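Comments concern the structure below.
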Amino acid sequence: MSDRSFYLTTPIYYVNSVPHLGTAYTTVAADALARYRRMTGADVHFLTGLDEHGQKVAQAAEEAGMSPQEWCDSIAPKFVEAWEMLSVTNDDFIRTTEERHKRGVQAFWQALHDAGHLYQGHYEGWYCVPCETYYTEEQVMEHECPSCGRDVEFIREDNWFFKLSAFEQQLLDLYESREAEGRPFIRPETRRNEVLSFVKGGLKDLSISRTTFTWGVPLPFGDGRHVTYVWIDALLNYITAIGYGDPDRAEEFARRWPAQYHFVGKDIIRFHCVIWPAMLMAAGLEVPECVYAHGFLLTKGEKMSKSKGNAQTPASLVERFGVDAYRYYFLRDVRFGEDGSISMEAMVQRYNGDLANDWGNLCSRLFNMTEKYFDGVVPAPPADAPTAADETMRAIAAALPGRYEEAMAALDYGTALEAAWELIKDANRYIENEAPWNLAKAEETRPRLAAVLYNALEAVRIAALFCAPVMPLTSAEVWRRIGLGDIHAVTDVASAATWGGLPEGARVEKGEPLFPRIYEDA
Ligand code: ME8
């Protein structure tokens, strides 16, 4: 284990909306990776949080008849609760209205100001409040935001500017050198190409302050009228949360920064892949290892979003399917990095097929048979030479840690789960072919019965390990039911997955079905 921490982040979400399937998607994906990396012994630091400043939030508060802070305080618990409900194990939760953040933002501005990267100017142009984004005359057609289609405002302000244009070549060098080193800064590749052509098209300096409202972090210099442009404020959360600008936390900052991953949706890659690394370079800080931009969840072919009115909250689905099945569906059915259509029908199908039939049934049958034939006690590991079928299952189990690791390094959750499913499917096949119910009929086949149940239970023990990052609750329950300790305490998954780890004599508990079948019209 290296002493560097494995720091990963999600976007900090706007408080103008409550958590929905889209924001939950990024957060659950990051959580599955965080959980897996803890199981490989990494010192994981997983950050999520809220983006609480800006004109949009100020407006939402006003409409609700609250002060901006009251508004933020009323929404924040909804995110905290939603992530708890989804078993998200973030190590920190940052809100940009916290003192630690404001202090860090001001320290950052001072550093950039002192280094000569800022200048005062005049901004005239178009602004989309819902997207909190500036646009040029050419970008806004008919006064519509090119991103969300809503009306843009013409703004005219005295602003401070960041010399973003000066970083064009350094950014191109960054993308290229990382590519050459085989550790791309932007993933997946389609997003990289998009960013590359944007930067090659030429960068304009960026207005980094606003004077027409006050809901933001004040710049520490100038005439006191300027608050930080909300996107810059938000990006800085990734460093302020881990102690940037706080002399008492310098050691922590050095250990955690640069981040291993920023998980974002593809809607916000320019901020993360262009503006953010340029800001860091200007401040003399390292840039993150990787910005990973996933695709959009689509319902009926459209991006699911609050503004389109088709955003669902996770709670209703969790109520129907349970937390683990919720997490499983999105990570198994939507290829991470690409857009993916989601539907209730597909979710029911995955649930009944993969979870109720394959995984849940395997556990139920085995736990029942252990109870029936061995009074619920794990039999001794087989002493006889393994049969061809035993060998096959052991070979699949032995290959699983490597295949899973490879898939997770590529953030290919679907393939990682498929690897675990290969073992689950083989164990099901094994039970069918070995037919323990026949072996139980005669005394002379009892040793083989014991061997078959031991082997299949061992496959279940190992499969649960690799289900745990995505399905933490049922995996822990499987381990508990086969008499083992806390699966979430595992810090060396590869050795925990070594064949033969299931101790003889452990008590097995039948329990209720892990994934009771769902009927379509229920
Ligand atoms: O952009 N499919 O916050 P936000 C997949 N505050 N992911 C989706 C999605 C969908 N249909 N809809 C939303 C902001 N997301 C800023 C971020 S970070 C320094 C500041 C996810 O509340 C996805 O991760 O609008 C997307 O990038 C993010 O929510 C946008 O969240």
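Note that the coordinates shown come from a computational prediction; the quantities given were computed from them, not determined experimentally. Every heavy atom of this structure was used, including side-chain atoms; hydrogens, water molecules and symmetry mates were not. Ligands are counted one by one from 1 in listed order, and the atoms in each one are counted from 1 as well. Residues take their numbers from the sequence shown, with the count starting at 1.
H262 is linked by a side-chain hydrogen bond (donor to acceptor under 3.5 Å, both in side chains) to T9, W276, counting only residues two or more places apart in sequence or in another chain. Looking at residues two or more places apart in sequence or on another chain, you find a side-chain hydrogen bond (donor to acceptor under 3.5 Å, both in side chains) between R327 and D31. Residues satisfying the side-chain hydrogen bond (donor to acceptor under 3.5 Å, both in side chains) test with D333, not counting sequence neighbours, are R350.
The pair R256-E251 fails the salt-bridge criterion, with no side-chain N (NZ, NE, NH1 or NH2) lying under 4.0 Å from an Asp/Glu carboxylate O.
When side chains are defined from C-beta on, D246 does not count as touching F253, because their heavy atoms never get closer than 4.5 Å. Using a 4.5 Å heavy-atom cutoff, the side chains of V287 and R178 are in contact.
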Anything under 3.5 Å between an N or O on ligand 1 and a protein N or O? List each pair with its distance, or write none.
residue, atom, partner, partner atom, Å
ligand 1, 2 (N), L297, N, 2.8
ligand 1, 6 (N), I12, O, 2.8
ligand 1, 6 (N), D51, OD2, 2.7
ligand 1, 7 (N), G22, O, 3.4
ligand 1, 11 (N), L297, O, 3.4
ligand 1, 11 (N), M304, O, 2.7
ligand 1, 22 (O), Y14, N, 3.0
ligand 1, 24 (O), T26, OG1, 2.7
ligand 1, 24 (O), G265, N, 3.3
ligand 1, 27 (O), G265, N, 3.0
ligand 1, 27 (O), D267, OD1, 2.8

